[in-house]
Amino acid sequence: MQVNNNNEFQPLIVAFCCNWCSYAGADLSGTNRLNYPTNVKIIRVPCSCRVNPMFILRAFQRGADGVILCGCHPGDCHYTSGNYFTRRRMTLLFSMLDFLGIERDRTRVEWVSAAEGAKFAATMNEFTEAVRKLGPNRRLEDLRCRKQ
Amino acid sequence: MQRIGVFVCHCGTNIAATVDVKAVAEALGHEPGVVISQDYQYMCSESGQYLIKDAVKEHSLTGIVVCSCSPRMHENTFRKAAAAAGLNPYLVEIANIREQCSWIHKEIATATEKAIILGRAAVAKVHLNAPLTAGESPVVKRALVIGGGIAGIQTALDIAEAGFEVDIVEKEPTIGGKMAQIDKTFPTLDCAACILTPKMVECAQNDKITIHSFSEIADVKGFVGNFTVTIKKKARFVDETKCTGCGLCTEKCPMKKVPNEFNMGLDNRTAVYIPFAQAVPKVAAIDPDYCLMLKNGKCGVCSKVCSVGAIDYKQTDKFVEEKYGAIVVATGFNPIKIDKYEEFAYNQSPDVVTSLELERLMNAAGPNGGTLLRPSDKKHPHTIVFVQCVGSRCDDENGKPYCSKICCMYTAKHAMLIREKYPDTEVYVFYIDVRTPGKNFDEFYRRAVEQYGVHYIKGMVGKVTPKSDGKLDVQAADLLANEQLHIDADMVVLAAAIEPDKSARPLATMLTTQMDTNDFFTEAHPKLRPVESATAGIFLSGACQGPKDIPETVAQASAAAAKAIGLLCKNSITCNPCVASSDELMCNGCSSCEKVCPYGAITYIDKEFRMPDKTTRIRRVASVNPAVCQGCGACTVACPSGAMDLSGFSNSQIMAEVDAICK
Amino acid sequence: MLRKITAAKLDQLFEAISGKQTLYIPTDREDGAAEFRKYESGMKLSNALNTVRSAKDFFFPQTENLVAFKMEGKKIEVKDIRKECEDFVIFGVRACDARSFDILDKVYLVDPVDSFYKNRRDHGTVVTMACTRPAETCFCTAFGINPTMPGGDVTAFPVGDGFFFMANTEKGEKFLADIDDLLEDGDLSRLADVQENTRNILKKLPLANLSTDSFGGDKLNELFNSDKWAGLSESCIGCGTCTFVCPTCQCYDIKDFNTGDGIVRFRCWDSCMYSDFTQMAHGNPRVSQLERFRQRFMHKLVYIPANNNGEFGCVGCGRCLQKCPISMNIVKVMKALEVK
Amino acid sequence: MQEAMIKRAKELLADGTVDRVMGWKKGEFSYDHTPAVFTSAQELDENFVCDDFTSANLSKYLVKETVRDGKILAFLKPCDTYSFNQLVKEYRIDREKVYVIGIPGGPKLDIEKIRAKGITGILNIRNENYTLKIETIYGVSEMPFYEAIGVKCESCKSKKHVVYDELIGEDGEVLDSNRFDMVEKLENMTSQERYDFWRSELSKCIRCNACRTVCPACTCEKCVFENPDSGIENKAAADSFEENMFHIIRAFHVAGRCTDCGECSRVCPENIPLHLLNRKFIKDINSLYGTYQAGENTTDKAPLNEYKMDDCEASIVHERGAE
């Protein structure tokens with residue numbers, strides 16, 4: 001979580017992006033000068049299936065207010081099947097987080113291809129706003145990591 | 001202790017206009033481990049790269065972070081620069097502050113802040129980068145072509161031409177594929193057989209080419225440069241090495257009522273048969289579903305008449321294992337089954353035929369010796385209606401969503417040929433659009449309309465009804481005239497959509513290649529790598545990748561061959577070093593990773609270990625073949641103990657990035 | 001002369017104490033188990049014999065921050081995050097847990113003094129509670145503990161309609177003086193009856209005759225080399241339940257937590273049952289569960305007495321008997337190793 | 001039952017089929033039996049026990065036991081056979097080295113349930129027509145048998161043995177249990193209520209790791225929480241986050257592999273209903289990917305190790321009913 005000069009809540013969004021599609025999609029939204037908030041910070045992974053639930057929890061622990069995972073559309077995985085595994089893993093993980101009372105809208109999976117720069121930007125805008133509405137992550141943070 | 005160099009690129013004003021590059025360099029200079037942090041106009045330029053090279057030497061750098069454009073642009077450039085300065089290229093990390101920062105943000109303060117955070121994440125990651133060495137793996141100098149149609153034939157010939165051995169595996173008793181069934185080709189109207197059969201013969205005669213006809217792929221193991229393929233040679237009950245193709249057996253065979261698949265079932269063949277006169281290899285095969293000897297043990301005529309003793313009723317399926325460096329998939333296409341389109345009365349009237357059936361009806365080697373006669377009464381048809389897009393561009397489940405691409409042209413061809421040969425026959429073509437992109441294609445179509453007087457009607461055929469007088473009532477809409485039509489047709493020809501061969505799906509699984517939702521093989525990149533699959537060493541030729549006409553197929557076949565030759569020319573290939581590896585001491589041997597690996601890169605071995613309690617134990621542990629692993633990381637998450645990790649994107653590296661971003 | 005509080009006034013007493021300092025009392029949870037909780041109005045004193053976790057938590061908490069390092073770029077600043085503990089009262093500590101404090105004191109208050117522990121000890125007032133209904137798992141008497149006279153700063157003696165209080169220390173006297181207006185005189189003969197009754201029950205407990213004769217600092221070699229350990233440890237799954245519910249287990253590990261912009265160095269309970277216990281750069285001196293299992297019992301029954309004039313490191317509270325997932329415990333070990 | 005088991009064990013030892021027997025050994029009291037390995041007829045006669053309190057799942061011990069030479073006889077209750085199969089499937093147990101005798105299952109009793117009634121000083125417990133007569137130092141107490149059964153037996157999923165070499169007693173059926181009721185109840189709460197529920201439960205956790213060490217699905221050579229290189233190693237929850245993380249990751253690691261044997265909740269010294277986390281995953285898997293029972297056989301692919309092209313999207317979590 002960050003607070004800007006106007007004392008307005010600025011959610012910190014961590015986005016894990018598959019190298020082959022969403023990361024390229026993010027590049028494309030840059031090439032096309034499509035804006036999305038600076039709140040979003042991208043981490044490049046070879047495939048969405050590389051994302052371990054540990055990473056997502058880690059991000060929340062360290063102060064992320066939302067975590068989004070972007071991969072290739074089902075059927076388009078560079079590695080054939082990675083995103084299918086991602087889909088099951090994240091469905092179950094998110095469901096568990098929900099079960100534990102963690103706000104649903106803090107997590108998301110979105111399929112964005114290398115050609116979908118506009119979708120990438122739109123997704124990030126929308127997700128950031130959704131998380132902004134929720135306010136700071138308090139249910140899954142580590143107090144030791146809270147910014148003073 | 002790490003000594004990291006940070007280089008912040010202005011990219012002219014691309015970055016510098018919205019990101020305060022000096023502030024970024026200054027901030028990152030204070031990060032632990034960073035010994036030099038500077039900014040420069042164009043890092044990717046020659047002088048920019050020298051900056052890196054000099055710094056590596058001067059400051060004995062152990063890691064480099066370049067804050068610049070996307071790693072998809074210049075990661076390799078900077079890796080090479082590092083390598084040139086003697087630093088392992090995998091000790092370079094890129095912070096993407098152009099596409100993912102300066103280009104999307106407008107406010108300098110926040111964009112700069114974000115650029116610093118992205119830079120910090122890269123610094124945090126590079127702290128944990130390990131020098132990686134790309135392994136090498138030898139290349140077996142032999143290629144496999146799966147499918148012996150024109151695509152497979154062309155690919156095989158090109159590869160053989162380059163001096164490499166190549167095997168063709170064809171599931172039918174002969175190579176030739178769909179092109180062998182076609183009468184004439186558009187837009188030149190030359191005879192398909194005349195241009196195909198010499199190539200088939202060339203395949204047979206080329207000593208670099210081995211044809212495994214009547215064979216299928218049973219299993220594929222291995223990886224680029226080193227595939228092990230099990231080929232199932234189906235029992236044909238004729239000894240290939242002895243049969244001379246004289247055809248005496250086919251003449252004498254008493255079982256003469258077998259639907260002839262080469263002629264689309266429009267006439268019959270014998271139980272022992274040679275598919276067509278120019279078949280390659282010209283070797284007979286016995287159809288066990290019809291052979292009286294194989295079914296009842298009573299007959300044996302063919303065996304008696306065969307002078308070379310080639311008939312072998314005891315033959316069984318054989319499996320042979322071969323090694324290949326490259327595999328080209330050329331499994332081709334088939335027209336879809338159109339039984340479900342009841343409105344066209346395909347099942348009710350023999351005079352409703354598909355275009356491929358029409359090819360046979362018109363072919364000199366076809367059931368009618370090349371004279372176009374109605375199948376029902378063998379009379380000359382005077383009115384023929386062609387229906388386009390049967391099952392193509394179709395939203396319902398019976399059809400295909402895509403355009404089959406070749407139908408417009410071959411229909412124009414058929415219409416033209418009929419009009420040419422039988423000027424008294426009226427030809428109607430119902431179409432949605434006429435698509436004619438291609439060299440001389442539109443001219444060809446216009447000739448059909450203008451010169452040959454083919455009636456093109458934009459509209460859909462609603463219903464075909466067989467009438468009592470043997471004619472077909474074609475009920476259709478003319479969209480341009482906005483009226484309903486009834487045409488009394490003698491024949492209706494359906495341009496059935498084409499679909500990938502059914503053998504492709506299981507093959508794709510064996511090859512771990514991707515397919516799209518229509519079961520066409522997916523190319524590695526739709527524009528830039530159209531003949532490679534995403535799986536290294538597997539190439540795509542012809543209609544298995546998407547609908548194609550013959551010239552396109554041949555072009556792609558040669559392109560695939562060129563790619564395969566490029567691979568076979570190498571003595572060894574460099575592997576991607578960012579691959580998974582298992583910490584054997586932590587591995588449970590549970591096989592989870594093996595189950596999610598799309599490449600079969602993980603095997604399990606029993607290995608002796610000295611345990612912490614000083615006993616020795618044989619444990620089952622995972623072993624990753626780095627030459628096969630493509631580095632997706634699926635296994636790293638499937639592994640509960642965390643024994644499996646991915647070089648270049650390790651757990652600790654990714655978590656360090658998370659930490660740095662969330663700091 | 002002991003003074004007494006009637007049961008009806010207990011709430012008033014808790015209110016009075018908690019008005020001045022933090023008060024912890026054992027209270028029942030929904031699941032039927034008892035635990036020490038910070039007193040809040042309306043909270044009821046548990047009737048349970050003991051809490052799931054022992055009272056050692058108050059002096060030796062499971063985790064405790066020791067020092068922090070703040071990092072900014074390449075600069076590191078050391079921050080003393082120690083805070084002076086506030087005064088607090090633990091009410092209702094049983095004799096076994098009270099004795100455990102003595103054992104912990106012998107580790108943490110001898111030179112070098114553990115200042116974190118000492119700080120908590122100095123600020124804590126222990127009000128013990130005499131036992132009247134011991135359980136079958138109790139064997140404190142084997143270690144010379146008298147559950148009818150549990151010690152602490154103040155002892156509370158339940159007598160049906162209330163509690164008698166007795167100060168044992170100066171801190172205890174002050175504590176009682178502060179609440180004297182809630183107390184009254186009572187019939188001391190009732191207390192004698194209750195104690196006599198408890199003593200009779202203690203004699204009938206199934207573990208009343210558990211002998212410690214085979215153990216002690218002088219039995220090191222024969223016990224360490226006993227061939228019984230293999231069979232005893234065979235079913236141990238290596239969890240830390242016994243350690244963490246134990247009032248006398250005192251081992252801890254020191255760890256650093258990276259908060260992103262600094263480090264918090266903290267200590268946390270460790271368990272000798274864990275495979276990484278005493279893990280060092282060169283490896284681990286105890287590589288098998290047998291060795292780790294043996295360590296726990298050797299520590300309680302041999303090493304501690306060897307260093308503390310024969311005083312054992314177990315207080316017979318019975319928590320490990322109740323909580324071990326596979327029901328292996330110190331009583332079974334003692335009986336198996338006993339030399340008859 | 002116990003006599004029949006001892007008799008059969010002695011026979012199998014005598015004829016050399018096995019050289020060890022995995023069972024339960026009598027404790028100090030009438031309820032504290034310990035899993036144990038027996039090697040002689042004498043030991044079996046003296047100490048072997050099987051009664052209402054032998055609820056410990058013996059399957060996980062066979063991981064260690066089958067590394068040794070020789071063959072071991074294991075008495076497995078129906079629920080234990082699922083764990084056993086799952087371990088065989090994951091190559092953790094060498095099936096060839098175990099002779100499995102299926103024995104009838106519970107319901108087994110949990111002494112904590114009896115203690116929770118305020119009954120203490122327990123000397124002996126007898127089951128008389130499903131009323132427990134509990135003899136204590138303070139007199140005889142009574143309570144209904146069914147109020148004393150352990151959490152793991154409260155909603156038994158199956159009385160069927162999915163693997164055995166022979167059976168003692170009858171085999172049962174897979175039951176239509178109500179085991180997901182509590183999960184459903186929680187699902188129907190608000191997010192805040194769920195959060196409060198789990199906070200109050202998980203804050204009790206003392207990180208003794210009993211749930212993990214007893215769990216037949218947790219047989220990692222080295223647990224990520226013990227491995228300093230994993231990045232999430234931790235020995236005690238120093239913050240509520242770490243309490244959550246440990247249990248989330250643990251549940252995730254056993255998702256699709258957990259047979260719902262209930263050992264985690266049985267052993268938790270703080271009575272945290274940990275099985276609900278596992279059941280949540282099982283319930284989700286069943287409803288989203290088709291019914292799957294881990295350990296039912298040794299061949300089915302685990303739901304997280306496979307996929308269907310038309311699996312639901314993760315957004316299904318967001319689209320679900322109750323907030």
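Just so it is clear, the model here is predicted, and its values are computed rather than measured. In what follows, chains carry the letters A, B, and so on, assigned in the order in which the sequence lines appear, proteins first and then strands, with residues in each chain numbered from 1.
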**Q** Of the options L585(B), I605(B), N588(B), D583(B), which is the one that meets V621(B) in a side chain to side chain contact (heavy atoms under 4.5 Å, CB included)?
**A** I605(B)
**Q** Name the member of C593(B), C639(B), S641(B) that forms the most heavy-atom pairs with chain D at distances under 4.5 Å.
**A** S641(B)
**Q** Please classify the contact between K301(D) and chain B as side chain, backbone, both or neither, with a heavy-atom cut-off of under 4.5 Å.
**A** side chain
**Q** Below 4.5 Å, heavy-atom pairs only: which of A638(B), G642(B), S592(B) has the largest tally toward chain D?
**A** S592(B)
**Q** Between K595(B), R617(B), R620(B), which has the largest tally of heavy atom pairs under 4.5 Å with chain D?
**A** R620(B)
**Q** Check I498(B) against F520(B) and note the closest heavy-atom contact, atom names and distance.
**A** O-CZ, 4.4 Å
**Q** Quick one: do the N129(B) and Q653(B) side chains pair a donor with an acceptor below 3.5 Å?
**A** yes
**Q** Are any of the side-chain nitrogens in K97(D) or E65(D) under 4.0 Å away from the carboxylate oxygens of its partner?
**A** no
**Q** Which atoms of M586(B) come close to chain D, meaning under 4.5 Å heavy atom to heavy atom: side chain ones, backbone ones, both, or neither?
**A** both
**Q** What residue, out of I249(D), V254(D), V224(D), I232(D), has the most heavy-atom pairs lying under 4.5 Å from chain B?
**A** V224(D)
**Q** Any chance you could measure L274(D), atom CG, to L202(D), atom CG, to the nearest 0.5 Å?
**A** 7.0 Å
